[in-house]
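Below, all heavy atoms of this structure are taken into account, side chains as well, without hydrogens, waters or symmetry copies. Here is how names work: the chains are called A, B, and so on, in the same order as the sequence lines, proteins then strands, and each is numbered from 1.
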Amino acid sequence: MQTISPGSGDGRSPVVTRFAPSPTGQVHIGNIRVAIYNWLFARHHGGRFLLRIEDTDRARSTDEAVRALLEAMEWLGLDYDGEPVFQSRRREAHLEAADRLLAAGAAYRTRKGEGAGEVIVFRMPPENMEFEDLVRGRLKKAADDLQDFVIVRSDGTPVFHLANVVDDIDMGVTHVIRGDDHIENTFRHLALYRALGAEPPFFAHLPMIVNDQGKPYSKRDGAAYVGEFRRQGYLPEAVFNYLVLLGWSPGDDREILSRDELIRLFDLDRVRPSASRMDLQKLMWMNGEYIRALPEEDYQRRFRQALEEAGLLSGAEDEQYVQRVGELLRARLRYFGQVKEMAVYFFREDYAWDMRAVEKRFRVENARDRLRECGELMAQVDPFVAADIEREVRAAAERRGLKAAVYIHLLRVAVSGTDRGPGLFEMLELLGRDRVLARIQRALRELPFSDLQKGTAGQQP
RNA sequence: GCCCCCAUCGUCUAGAGGUCCAGGACGCCGGGCUCUCAUCCCGGAAACAGGGGUUCGAGUCCCCUUGGGGGCGCCA
């Protein structure tokens, strides 16, 4: 029989939890939240958090899925104690337990159906069952609603219920924290614990996370996977924080909580029993908060990385320039995946024209002439720094009896392609005179001014 | 079909019988700042699913209805 040594601890920790996923694809947020709660509970109580990979469904389990699982856990900082236990390698222990049940008369061999092989079936005691769930309170089941069930298949392989319980016993798990789709199984598992002469653990069943329609997640609901958030440039600490708050709250008004605070505050008694929806809007907000709270150095490193991933860096960029762009964009970012779109015009000359912005900002009298004047102005300002550019633009507007905003908007759209972004004058200074002049020429060349004379363009709010 | 679970603003939640004409956050709307967007600041609209009980008093306890979900495998 294989022995399990799940941790390097002294084995006397009061609390032992485990995360026991079956690696069948990408890691779903509902699943990872189960891992997070197990992790937090163990850390809060100074116990151990173990990982068991339930890879017994060999048809669906893949190495790639295991890798994705490990990566997701590492990304979120869910460190586990000891080595992962692979359930598929625990076969002997499972079958040995089945033999013991057989010998004790708690299980029996039988054939189910014509031509079927012999299976081992667990004899469900004819008693009403109940247990105290740490999230839901007392749960009961009438004996009539519980039937005997297969624990070893005709091909000799153990079934989930058996494997799960035997492994939890051998790993010394004290608190089984899992999805509420296992509530019904718990009565069977409890009977198995008793028949195997083991003290049952405490159980806590967590509600599921549903999509923004309030429906269970299906494969079609993108962005429900941990890897997806990582790819889009979310910060792991923000995703962690958000997910913890989905079903649990500290009891006061705090929302942004550090990992240490969460460990200190988390407990199962404040976990809500009802399902909760994934709210991408709130996640984005929270991620933005985390981005703004990042130490400057960390932020710049991540920003640069996002630029690289977006393919916006050629390698020849001035480091100061890149950092300055990062500074200008920081307050606007909600996740780093937005860098690609928000920073494009700082690194490419062929940025696209946002025609909605063009129509809105170029709908002024003599837009073409006004923009040409901007070009002349830009050619003259010296030195080409924000304060001087601003002074000259405002002065020029005043001479013409125009609002400075007219020039400002024309310039902004011309040099960036869009009407949203950092302060214009800082932007111009950063881009530098040569590029600004070239971009104005490009706008003069490519944009359809004639169609946008005042009054001829349709009213567009 | 049978069994079980869940139910406060659009969303996440606070609320452990009176202090709740229900608080916070995201989002939304309005305002301030400003060249735009964002950040930031101020203000606003927005909920106890419905019906019965229990109680002097119910968002809070009980029952029913409705709605949602889960389970009834030689899947996990």
Side-chain angles (χ1 to χ4, degrees), chain A residues 20-24 54-57 59-61 87 110-113 116-121 133 135-137 139-142 144-147 149-161 163-164 178-187 205 207-210 212 214-216 242 245-256 269-270 272-286 288-289 291-292 328-334 338 342 357 360-361 390 393-394 397 403-413 416 418-425 427:
Chain A
S22 45
T24 56
E54 304 209 330
D55 57 346
T56 48
D57 183 359
R60 291 194 298 154
S61 297
Q87 191 163 62
T110 187
R111 289 174 191 282
K112 303 183 111 188
E118 205 171 52
V119 295
I120 299 177
V121 171
D133 188 279
V135 169
R136 318 232 163 198
L139 297 176
K140 302 178 182 179
K141 200 75 172 175
D144 287 350
D145 295 322
L146 293 163
Q147 279 80 47
F149 56 96
V150 174
I151 52 176
V152 177
R153 301 186 189 90
S154 53
D155 67 358
T157 60
V159 167
F160 161 73
H161 302 295
N164 189 269
R178 71 215 314 190
D180 64 7
D181 50 333
H182 282 298
I183 287 182
E184 308 283 327
N185 290 334
T186 305
F187 300 101
H205 288 97
M208 62 196 313
I209 295 177
V210 296
D212 55 10
K215 297 292 179 186
Y242 176 77
L245 253 34
L246 216 49
W248 174 88
S249 81
D252 54 34
D253 290 340
R254 284 177 293 176
E255 301 257 7
I256 305 287
D269 57 3
R270 295 198 61 84
R272 279 179 58 85
S274 52
S276 41
R277 295 191 195 202
M278 179 69 196
D279 183 354
L280 198 56
Q281 291 289 323
K282 185 155 184 176
L283 205 213
M284 285 198 281
W285 162 77
M286 188 172 280
E289 293 287 302
I291 285 179
R292 271 164 251 130
L328 293 182
L329 260 24
R330 169 118 99 159
R332 274 153 262 264
L333 280 177
R334 293 204 289 179
Q338 293 178 314
M342 286 175 44
K360 183 175 177 187
R361 305 299 180 185
E390 175 163 11
V393 168
R394 290 191 188 283
K403 286 199 285 192
V406 172
Y407 280 142
I408 288 170
H409 287 141
L410 288 173
L411 268 167
R412 173 185 294 287
V413 175
S416 74
T418 179
D419 64 347
R420 43 190 56 187
L424 176 72
F425 305 108
M427 235 168 77

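- U39(B): no Watson-Crick or G-U partner with both key distances under 3.5 Å is found in any strand.
- Partners of R361(A) under the side chain to side chain donor-acceptor pair (under 3.5 Å) rule, at least two apart in sequence or in another chain, are D419(A).
- Here, C29(B) and G10(B) have their C1' atoms 14 Å apart, quoted to the whole Å.
- Residues Q87(A) and D55(A) form a side-chain contact, since some pair of their non-hydrogen atoms from C-beta on lies under 4.5 Å apart.
- You'll find the side chain of D181(A) stays beyond 4.5 Å of the side chain of M208(A), heavy atoms only.
- Contacts of L283(A) with the nucleic acid, taken as non-hydrogen atoms under 4.0 Å apart, are absent.
- In this structure, CZ of F187(A) is placed 10 Å from C1' of C5(B), rounded to the nearest angstrom.
- With P as the reference atom, G24(B) and A14(B) are 15 Å apart, rounded to whole Å.
- Taking the ring pair (Phe, Tyr, Trp, His ring centres under 6.0 Å) definition, one finds that F187(A) meets it with F131(A), sequence neighbours left out.
- Spacing between U54(B) and C72(B) at atom P, rounded to whole Å, works out to 41 Å.
- By the side-chain contact (heavy atoms from CB on, under 4.5 Å) test, E390(A) pairs with R394(A), F425(A), sequence neighbours left out.
- Across all their heavy atoms, D133(A) and L139(A) have their closest contact at CB-CD1, 3.8 Å.
- The nucleotide A14(B) finds no pairing partner, because no Watson-Crick or G-U wobble arrangement with both distances shorter than 3.5 Å includes it.
- The ring pair (Phe, Tyr, Trp, His ring centres under 6.0 Å) check on H182(A) picks up F160(A), with sequence neighbours excluded.
- By the salt bridge (Lys or Arg N to Asp or Glu O under 4.0 Å) test, R178(A) pairs with no residue at all, sequence neighbours left out.
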Nucleotide by nucleotide, nucleotides 70-76 of chain B touches protein heavy atoms under 4.0 Å in the pattern (B base, S sugar-phosphate only, - none) BS--BBB
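- With contacts defined as side-chain heavy-atom distances shorter than 4.5 Å, the pair P158(A)/I151(A) does not qualify.
- Between C21(B) and C61(B), the distance separating the two C1' atoms is 23 Å to the nearest Å.
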Begin with the C-alpha distance, continue with both residues' side-chain angles, and end with the deciding distance and a verdict on side chain to side chain donor-acceptor pair (under 3.5 Å) for R272(A) and S274(A). CA-CA 6 Å; R272(A) 279 179 58 85; S274(A) 52; 2.9 Å; yes
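- When the P atom is used for both C9(B) and U65(B), the distance is 22 Å, rounded to whole Å.
- For the P atom pair drawn from C4(B) and U60(B), the interatomic distance equals 23 Å after rounding to whole Å.
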Using a cutoff of under 3.5 Å, can you pull out all pairs of nitrogen or oxygen atoms linking the protein to nucleotides 13-16 of chain B, with atom names and distances?
unit_1: U13(B); atom_1: OP1; unit_2: G247(A); atom_2: N; d: 2.6
unit_1: A14(B); atom_1: OP1; unit_2: S249(A); atom_2: OG; d: 3.3
unit_1: A14(B); atom_1: OP2; unit_2: R272(A); atom_2: NH1; d: 3.1
unit_1: A14(B); atom_1: O3'; unit_2: R270(A); atom_2: NH2; d: 3.3
unit_1: G15(B); atom_1: OP1; unit_2: R270(A); atom_2: NH1; d: 3.1
unit_1: G15(B); atom_1: OP1; unit_2: R270(A); atom_2: NH2; d: 3.1

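- Summarising the geometry, the separation between CD on E255(A) and P on G23(B) is reported as 16 Å, rounded to the nearest angstrom.
- Listed by chain and residue number, nothing satisfies the salt bridge (Lys or Arg N to Asp or Glu O under 4.0 Å) test with R270(A) (two or more places apart in sequence, or in another chain).
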Report, one pair per line, the protein and nucleotides 61-66 of chain B atoms (nitrogen or oxygen only) whose separation is under 3.5 Å.
none

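- Remark: the separation of the C1' atoms in A58(B) and A45(B) is 27 Å, to the nearest Å.
- For the salt bridge (Lys or Arg N to Asp or Glu O under 4.0 Å) test, residues two or more places apart in sequence or in another chain that qualify with R136(A) are D180(A).
- Under the Watson-Crick and G-U wobble criteria, each requiring two contacts below 3.5 Å, nucleotide A7(B) is paired to U66(B).
- Pairing of G1(B), defined by two Watson-Crick or G-U wobble distances under 3.5 Å, is identified with C72(B).
- A distance of about 44 Å separates the C1' atoms of G30(B) and G70(B), rounded to the whole Å.
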Treating primed atoms plus P, OP1 and OP2 as sugar-phosphate and everything else as base, which nucleotides of nucleotides 27-40 of chain B get B, S or - for protein heavy atoms under 4.0 Å? S-------BBBBSS
Steps toward side chain to side chain donor-acceptor pair (under 3.5 Å) verdict (S416(A), R412(A)): CA-CA 6 Å; S416(A) 74; R412(A) 173 185 294 287; 5.4 Å; no
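- Looking at residues two or more places apart in sequence or on another chain, you find a side-chain contact (heavy atoms from CB on, under 4.5 Å) between D269(A) and D267(A).
- With contacts defined as side-chain heavy-atom distances shorter than 4.5 Å, the pair M278(A)/Y242(A) qualifies.
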